[in-house]
Trainee: 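Quick one: this structure, given as structure tokens, is what I'll be asking you about.
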2 protein chains.
Amino acid sequence: MTEYFTPAQVVDRLGFSHDTLRYYERIGVLEHISRDPAGRRRFSAADVEWLEAVRYLRDTGMPLNEIRRYSQLAKDGDRTATTRLELLLCHEERVTDRIAHLNRQHEQLRQKIGWYREHLARQGARDHS
Amino acid sequence: MTEYFTPAQVVDRLGFSHDTLRYYERIGVLEHISRDPAGRRRFSAADVEWLEAVRYLRDTGMPLNEIRRYSQLAKDGDRTATTRLELLLCHEERVTDRIAHLNRQHEQLRQKIGWYREHLARQGARDHS
DNA sequence: GTGCTACCTGGAGCCGGGTCCAGGTCAAGC
DNA sequence: GCTTGACCTGGACCCGGCTCCAGGTAGCAC
């Protein structure tokens, strides 16, 4: 008596669109999504859990083909745990770098904004003189 | 006696490719790049400065069409400074949100890594017993 | 039994952001 | 005066990541 989720429920909870879910299945990011007797997808708790992982992997910029690789390793059981860990560590390093870069560029942006504010203030002062 | 930079120099200093520079000119992110008598681009100091801005706008996720809009406003002089500031502020808010989101997802990733480490440690312990 | 809704399928299309190509021109060095 | 290299042009192509479409089916509501 495993519990299943309909596509609509997954859409609601996870925020992927129907089309994206089907797309992920097509390209192998999701695999073996079971069907009910009428042929409709039903997502298991494990599927949903995996989708949560997909979301943070994707949102941290891991390309889908790498996510797929990871998923295929996971499918091959414990034996591949070390490889998966390495993959995650390597990705994590990239993420850290990206965040650092993003923060630097963000700082530039804020400086520009500061510049505009001063500029407009000076202009305002002139208008009142 | 304005100083100019050749495309190659800009490529070196800014890290955009030749093709990207030409592409940016085509779509209006760059405008009025002057030419030498032989028709070759020469980038002014102001162009280079603008390209630096393009880089941090792009790297913080501003879409090129918005960057173009911004550039066109800038071209219309001081009159549009307020609008430009608003645009930057709005973008800056999005960036802040994105960084926050990224940090949350990054945290998830690190938890997963932690889980793997523990898992492998337990496994290692078993192997030695 | 007629709708309606929620799905299904394979395949085409779209969008952003480049990247590559063919064919040509000029300037400099030898 | 010839080669080489850095550039020019317009246009085609690519890639990732979706998104949309047409045509079809199963189940429920009335």
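Proteins get letters first, then strands, A, B, ... in listed order; numbering begins at 1 in each.
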Trainee: Determine the contact category for B:P37: base if any of its heavy atoms lies under 4.0 Å from a base atom, sugar-phosphate if only primed atoms, P, OP1 or OP2 are that close, otherwise nothing.
Mentor: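 Nothing: the residue B:P37, judged by heavy atoms under 4.0 Å, touches no strand.
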Trainee: A:T83 and A:T80: side-chain donor and acceptor closer than 3.5 Å?
Mentor: no
Trainee: Can you find an N or O donor on one side and an acceptor on the other, under 3.5 Å apart, linking the side chain of B:R58 with the base of C:dG17?
Mentor: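 Looking at the base of C:dG17, it does not pair with any donor or acceptor on the side chain of B:R58 (distance under 3.5 Å).
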Trainee: In terms of side-chain heavy atoms of B:P63, which of C:dG17, C:dG18, D:dG17 is nearest?
Mentor: C:dG17
Trainee: Nearest nucleotide by nearest heavy atom, which residue falls closer to the 5' end of DNA chain C, A:H18 or B:S17?
Mentor: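 Nearest nucleotide further toward 5': that of A:H18.
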Trainee: So what does B:F16 touch, heavy atoms closer than 4.0 Å: a base, only the sugar-phosphate, or nothing?
Mentor: nothing
Trainee: Can a donor-acceptor pair be found between the side chains of B:Y70 and B:R84 at a distance below 3.5 Å?
Mentor: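 There is no such pair between these side chains.
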Trainee: Has the side chain of A:D19 got a donor or acceptor that lies under 3.5 Å from a partner of the other kind on the base of D:dC18?
Mentor: no
Trainee: Between A:H101 and A:R98, is there a side-chain donor-acceptor contact under 3.5 Å, judged purely by atom types and distance?
Mentor: no
Trainee: What contact category does B:R35 fall into here, base, sugar-phosphate, or nothing, at under 4.0 angstrom with non-hydrogen atoms?
Mentor: sugar-phosphate
Trainee: Would you kindly say whether B:H119 and A:D78 are connected by a side-chain donor-acceptor distance under 3.5 Å?
Mentor: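 A:D78 and B:H119 do have a side-chain donor-acceptor pair below 3.5 Å.
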Trainee: The side chain of A:R22 is closest to which nucleotide in this list: D:dC20, C:dC20, C:dG17?
Mentor: D:dC20
Trainee: Let me spell it out: for each of B:A38 and B:N65, pick the nucleotide of DNA chain C with the closest heavy atom. Which residue's pick is nearer the 5' end?
Mentor: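 So the residue in question is B:N65.
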